[in-house]
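We're numbering straight along the sequence, starting at 1. These numbers come from the heavy atoms of this one structure, side chains and all, not from hydrogens, waters or symmetry mates.
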Amino acid sequence: MDILEDLQWRGAINQETDAEGLAKEIADHKIALYCGTDPTGDSMHIGHLIPFMILERFARYGHHPYILIGGATGSIGDPSGRKSERQLQTMEQVHYNEVALTKQMKKLFGRNSDITIVNNYDWTKDVSLLDFLRDYGKLFNVNTMLAKDVVASRLDQGISFTEFTYQILQAFDFYHLYKNHHVQLEIGGSDQWGNITAGTDLIHRLAGPDAKVFGLTIPLMVKADGTKFGKTAGGAVWLDPEKTSTYEFYQFWFNQDDRDVIKYLKYFTFLDKDQIDALAEKVKAEPWKREAQKVLAEQVTEFVHGKEAVENAERISAILFKGDIQKLSTAEVAQAFNGVPTSEISNTPINIVDLIMELGVDKSKRQAREDVTNGAITVNGVKVTDVETEINPADNFDGKYVIVRRGKKKHFLAKVK
């Protein structure tokens, strides 16, 4: 199985400019290819990760990928997938994000010496406005640009000249990488098709119609229930552990629907066909064991955060399953209970009923007293049955947290001021 056959089996190819030509080129020799991301934020989320996983697959087949950080394009704003204009960031913020994303990319893909990271600001910053218009703008037909989905979808609401020219800048990137690094293939999400084909068209105009360059997009990722992939009740699932803890990251993958898990194993792991087919059979035969979800969580968490993060996430999961939360460290509490209802309390001892009311566990003191006497309340893993009990926040978790559980699953977190 070559790389394209592998991608087809994984369901990772949506559109190709010249499928037959690309297959022949890859069969003849190893190629250089690229995918870009703009520094609109200081971290990628898991949706951004998909095309770069494909670059990694190409690298493992011996090809040479380039990761492009859009220091130039990020200062303009890609209109793709948007209904309104982006809010322009300051150049200082763009540069800060560039540094953060470059560091993140090096952590993820720097282990592979065959992947090169570049920044389009380096070759765009010295191009004057007149040179840009004469050398590149002249080669773009406005009628063709207006017909691109990314622009056509914005015509009713309006689109600025700044965002209208984005496809020229992205095409210039492809041309620069082709000319200077012999990059022949650009990969992107399905919303990038218009920008990618603008690049192949520009290269054919400047280098000749026989230039062997190609574009490939990946399908839009949608969950089995029709909702958008990568979103949770708390928002996006980030690759930065400061934004999404490694435990939350692990749990996101572990909690995937049986209908989606095999698709995600194909997209986000480097397991081969036999391994994934075997897991698919286990989903059918023994879905309650969630073995495929466990493998998915382990594989993706290890790739993004390392083996220690997997071990830590599984340790927290085991402790929570047993209800023995006093074994959690203070840092682990912050990870495990991020996202549960949270309130602040003072660092002085507080009556259990008053604590329940402050945290919003119950709506009335009468109900709070009943829950305590009925054994429905645990505090820091210990059942409380006496309504006169005083809870001292200093007793656990370095005096920073108090964890209240009502029933078997409903948790509340108190942060101590």
Side-chain angles (χ1 to χ4, degrees), residues 41-43 45 93 96 100 231-252 255 305 308-309 311-417:
D42 58 5
S43 172
H45 57 66
Q93 184 64 49
Y96 175 85
K231 296 287 186 179
T232 67
V237 179
W238 300 96
L239 305 189
D240 183 347
E242 295 298 318
K243 295 176 180 289
T244 299
S245 73
T246 54
Y247 171 74
E248 292 175 278
F249 190 85
Y250 178 96
Q251 285 296 314
F252 170 82
N255 290 325
H305 295 298
E308 186 176 338
E311 294 170 352
N312 181 60
E314 291 182 340
R315 176 179 177 274
I316 294 175
S317 299
I319 288 172
L320 292 178
F321 180 76
K322 294 177 181 177
D324 197 7
I325 64 174
Q326 288 191 352
K327 290 185 177 179
L328 293 172
S329 69
T330 303
E332 288 170 342
V333 169
Q335 288 195 54
F337 295 97
N338 185 30
V340 306
T342 303
S343 304
E344 287 191 342
I345 62 171
S346 68
N347 61 359
T348 56
I350 182 172
N351 173 267
I352 181 60
V353 174
D354 292 334
L355 176 62
I356 289 172
M357 295 304 296
E358 280 208 36
L359 296 184
V361 178
D362 285 319
K363 293 182 179 179
S364 69
K365 284 193 173 183
R366 180 187 61 79
Q367 184 63 54
R369 292 189 189 96
E370 283 185 16
D371 283 343
V372 171
T373 55
N374 291 337
I377 299 295
T378 64
V379 177
N380 296 332
V382 178
K383 186 175 291 188
V384 178
T385 56
D386 184 353
V387 295
E388 300 300 326
T389 301
E390 292 285 308
I391 304 299
N392 188 346
D395 286 346
N396 295 93
F397 310 123
D398 300 320
K400 293 183 177 180
Y401 300 107
V402 177
I403 303 163
V404 175
R405 190 185 78 203
R406 181 177 183 270
K408 291 184 177 181
K409 292 184 177 180
K410 201 162 186 179
H411 289 89
F412 299 80
L413 181 67
K415 289 185 177 181
V416 183
K417 293 185 282 188

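- Applying the salt bridge (Lys or Arg N to Asp or Glu O under 4.0 Å) rule to Glu344 yields no partners; only residues at least two apart in sequence or on another chain are considered.
- Listed by first and then second residue, the ring pair (Phe, Tyr, Trp, His ring centres under 6.0 Å) pairs involving residues 352-392 amount to none (not counting sequence neighbours).
- The CD1 atom of Ile350 lies 5.0 Å from the CG atom of Leu355; values are rounded to the nearest 0.5 Å.
- Of all heavy-atom pairs spanning Thr373 and Val387, the tightest one is CG2-CG1, 3.9 Å.
- Leu413 places a side-chain heavy atom less than 4.5 Å from the side chain of Val333.
- Between atom CG of residue Asp371 and atom CZ of residue Arg366 there is a gap of 9.5 Å, rounded to the nearest 0.5 Å.
- Applying the salt bridge (Lys or Arg N to Asp or Glu O under 4.0 Å) rule to Lys243 yields the partners Asp42; only residues at least two apart in sequence or on another chain are considered.
- Leu320 has its side chain within reach of Leu328: a pair of non-hydrogen atoms, C-beta onward, lies under 4.5 Å apart.
- The distance from the CG atom of Asn347 to the NZ atom of Lys400 is 13.5 Å, given to the nearest 0.5 Å.
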Below 3.5 Å, can you tabulate the donor-acceptor pairs from side chains in residues 356-365 to any protein atom, sequence neighbours excluded?
{"from": "Asp362", "atom 1": "OD1", "to": "Arg406", "atom 2": "NE", "distance (Å)": "3.1"}
{"from": "Ser364", "atom 1": "OG", "to": "Gln367", "atom 2": "N", "distance (Å)": "3.1"}
{"from": "Lys365", "atom 1": "NZ", "to": "Asp354", "atom 2": "OD1", "distance (Å)": "3.4"}

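- To the nearest 0.5 angstrom, Ile377 atom CD1 is 11.5 Å from Thr385 atom OG1.
- At least one side-chain heavy atom of Glu390 sits under 4.5 Å from a side-chain heavy atom of Asn351.
- Sorted by first then second residue, the ring pair (Phe, Tyr, Trp, His ring centres under 6.0 Å) pairs that include residues 341-400, not counting sequence neighbours, number zero.
- Across Ser317 and Tyr247, no two heavy atoms sit closer than the pair OG-CE1, 3.5 Å.
- Ser245 meets the side chain to side chain donor-acceptor pair (under 3.5 Å) test with Glu248; sequence neighbours excluded.
- Take Lys327 and apply the salt bridge (Lys or Arg N to Asp or Glu O under 4.0 Å) test, not counting sequence neighbours, and it matches Asp324.
- The shortest non-hydrogen separation linking Trp238 to Phe249 is O-CD1, 3.8 Å.
- The stretch residues 347-391 participates, sequence neighbours left out, in no ring pair (Phe, Tyr, Trp, His ring centres under 6.0 Å) pair at all.
- Taking the side chain as every heavy atom from C-beta outward, Thr378 and Val404 never approach each other to under 4.5 Å.
- Considering all non-hydrogen atoms of both residues, Ala309 and His305 come closest at CB-CB, 3.5 Å.
- Between Ser329 atom OG and Asn312 atom CG the span is 7.5 Å, to the nearest 0.5 Å.
- The two residues Ile345 and Ala414 have their closest heavy-atom pair at CD1-CB, 3.8 Å.
- The two residues Asn396 and Gln326 come nearest to each other via the heavy atoms ND2-NE2, 3.8 Å.
- The ring pair (Phe, Tyr, Trp, His ring centres under 6.0 Å) contacts involving residues 332-360 comprise Phe337-His411, where partners must be two or more places apart or lie in separate chains.
- Taking Arg315 as the reference, Glu332 meet the salt bridge (Lys or Arg N to Asp or Glu O under 4.0 Å) condition, with sequence neighbours excluded.
- Checking side-chain atoms of Asp240 against main-chain N and O of Glu242 turns up a donor-acceptor pair under 3.5 Å.
- Thr389 is linked by a side chain to side chain contact (heavy atoms under 4.5 Å, CB included) to Ile352, Val384, Asp386, Ile391, counting only residues two or more places apart in sequence or in another chain.
- Contacts of Asp395 classified as side chain to side chain contact (heavy atoms under 4.5 Å, CB included), with partners at least two apart in sequence or in another chain: Asn392.
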